[in-house]
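Worth knowing before you read on, the calculation uses all heavy atoms, side chains too, and leaves out hydrogens, waters and symmetry mates.
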Amino acid sequence: MSGKPFLFLSARPEVEAVGPEYESVRRAMGVDAGLLEHMRLDVDPLGEIDIALDAYAGIVVGGSPFNVTTPEAGKHEVQRRVEADLTRLAERALAVDFPLMLTCYGIGVLTRLLGGEVGTMHGEDAQAVEIRLTADGAADPLVGGLPHRFDALVGHKEATDRLPDDAVLLASSAGCPVQIYRVGTGVYATQFHPEVSTADFIARAQVYRHHGYFPASELREVGERLAAASVTEPQRMLRRFAELADARAASR
């Protein structure tokens, strides 16, 4: 064991969603609260990247209602700062192959940084969808231990239209061709939410019922549909990420 903590970065202005997201990530990673520090990028700037990388075994970036496809002129200054911070973080993590996992909104930031394309063609309503591993995914040290087909929870307005040239596609779904990819050996991006249980996602749907992920009048139906889903595998990704990152930190 390295003894180093992990860092969770959130970017949700909706205060009622922040604590539950942290708890979902912590639980999925299988670490005590003392080993998962939390920073809200929508409140505080990230600061010196190299200090962060030295201090932690790995970093996980949560989701956000922000969309990278929003025209720059229409982005709030907080969103522009968050995207600049995540871009700096990803650049440095890629340079030194540091363990970093970006989820949902973060995959868009990384895709743009790497020269891929993000668009609204492959958005998915709040639901459980079947994820299919690629051959590279089945051989990957992080996701290769998952079944070749499993259900995960999604809810996003944008997605990767064109995979960056340096990325390795690890998983897809019928409605969204890029669900997981890896760059180098340490940086991963997921379109779906690996941290949440169905109960977590139902509670999150309540917070975001007026954000356009589904008609607010259909909240009850969305909740019933989510409650009927069986989602057991994605959280194992975060636990495996913690194990691999901790082992790398111990060897550094």
Side-chain angles (χ1 to χ4, degrees), residues 6-9 21 24-31 36 56-63 89-90 93-94 97-111 113-114 116 118 122 124 127-156 159-160 162-198 200-201 229-249 251:
F6 292 85
L7 176 63
F8 172 60
L9 298 175
E21 184 182 33
S24 295
V25 171
R26 186 198 62 76
R27 185 175 61 241
M29 292 179 72
V31 298
L36 183 61
Y56 299 105
I59 298 176
V60 175
V61 178
L89 172 62
L94 289 165
D97 217 17
F98 178 84
L100 172 66
M101 180 181 289
L102 303 107
T103 66
C104 200
Y105 168 63
I107 195 174
V109 176
L110 184 62
T111 296
L113 167 64
L114 296 174
V118 182
H122 301 295
E124 295 174 296
Q127 61 184 308
V129 300
E130 183 183 72
I131 306 296
R132 302 184 301 273
L133 297 186
T134 65
D136 286 320
D140 184 78
L142 178 65
V143 304
L146 300 176
H148 285 208
R149 294 172 181 261
F150 61 91
D151 285 351
L153 294 163
V154 300
H156 53 100
T160 299
R162 183 175 64 79
L163 193 70
D165 292 340
D166 293 336
V168 179
L169 181 64
L170 302 179
S172 301
S173 68
C176 183
V178 180
Q179 285 284 358
I180 314 173
Y181 68 76
R182 185 192 74 239
V183 188
T185 64
V187 177
Y188 288 83
T190 75
Q191 185 61 73
F192 62 85
H193 292 276
E195 79 282 5
V196 285
S197 66
T198 52
D200 295 334
F201 211 51
S230 177
V231 179
T232 59
E233 300 300 320
Q235 293 178 355
R236 293 174 54 202
M237 282 183 57
L238 280 168
R239 184 174 291 265
R240 180 61 174 160
F241 175 79
E243 292 170 350
L244 292 173
D246 188 66
R248 290 177 64 153
S251 66

Got a sec, which residues hit side-chain contact (heavy atoms from CB on, under 4.5 Å) with [X], two or more places apart in sequence or on another chain?
X    : value
R240 : L142, E243, L244
A128 : L153, A229, V231
A247 : none

What I'd like to find out is whether the side chain of [X] reaches to under 4.5 Å of the side chain of [Y], using heavy atoms alone.
X    : Y    : answer
Q191 : V154 : no
R248 : T185 : yes
V109 : V118 : no
P194 : Q235 : no
L102 : I107 : no
Y105 : V61  : no

Point to revise | Partner set under side chain to side chain donor-acceptor pair (under 3.5 Å) for T232, not counting sequence neighbours | key: none
Point to revise | Contacts of type side chain to side chain donor-acceptor pair (under 3.5 Å), residue D166, not counting sequence neighbours | key: none
Practice item. Over all heavy atoms of both residues, which pair between V60 and M29 is shortest? Give the atoms and the distance, please. Key: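 The answer is CG2-SD, 4.1 Å.
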Review point. Nearest heavy-atom pair of A57 and D246: which atoms, and what distance?
Key: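 Looks like CB-CA, 4.3 Å.
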Check your understanding: Which residue pairs satisfy the salt bridge (Lys or Arg N to Asp or Glu O under 4.0 Å) criterion with at least one member in residues 141-151, sequence neighbours excluded?
Key -> E130-R149
Practice item. Not counting sequence neighbours, list each pair that qualifies as a salt bridge (Lys or Arg N to Asp or Glu O under 4.0 Å) and has a residue in residues 171-197. Key: D140-R182, E195-R204
Point to revise | CG on L36 to OH on Y56, rounded to 0.5 Å | key: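 Spacing of OH (Y56) from CG (L36) equals 9.5 Å.
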Point to revise | Any residue meeting ring pair (Phe, Tyr, Trp, His ring centres under 6.0 Å) with F201, in chain and number order, not counting sequence neighbours | key: H193
Practice item. Only counting residues at least two apart or in another chain, list the ones meeting ring pair (Phe, Tyr, Trp, His ring centres under 6.0 Å) with F241. Key: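 Listed in chain order: nothing, the list is empty.
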Review point. Excluding sequence neighbours, so at least two apart, what forms salt bridge (Lys or Arg N to Asp or Glu O under 4.0 Å) with D200?
Key: R27
Practice item. Return the set of residues passing salt bridge (Lys or Arg N to Asp or Glu O under 4.0 Å) with D136 (not counting sequence neighbours), or none when no residue passes. Key: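 With sequence neighbours excluded, D136 shows a salt bridge (Lys or Arg N to Asp or Glu O under 4.0 Å) to no residue whatsoever.
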Which side-chain N or O atoms in residues 170-181 pair as donor and acceptor under 3.5 Å with protein atoms at least two apart or in another chain?
{"from": "S172", "atom 1": "OG", "to": "P177", "atom 2": "O", "distance (Å)": "2.5"}
{"from": "S173", "atom 1": "OG", "to": "E124", "atom 2": "OE2", "distance (Å)": "3.2"}
{"from": "S173", "atom 1": "OG", "to": "C176", "atom 2": "N", "distance (Å)": "3.2"}
{"from": "S173", "atom 1": "OG", "to": "C176", "atom 2": "O", "distance (Å)": "3.2"}
{"from": "S173", "atom 1": "OG", "to": "Q179", "atom 2": "NE2", "distance (Å)": "3.0"}
{"from": "Q179", "atom 1": "OE1", "to": "F192", "atom 2": "N", "distance (Å)": "3.3"}
{"from": "Q179", "atom 1": "NE2", "to": "E124", "atom 2": "OE1", "distance (Å)": "3.0"}
{"from": "Y181", "atom 1": "OH", "to": "T111", "atom 2": "N", "distance (Å)": "3.2"}
{"from": "Y181", "atom 1": "OH", "to": "T111", "atom 2": "OG1", "distance (Å)": "2.9"}

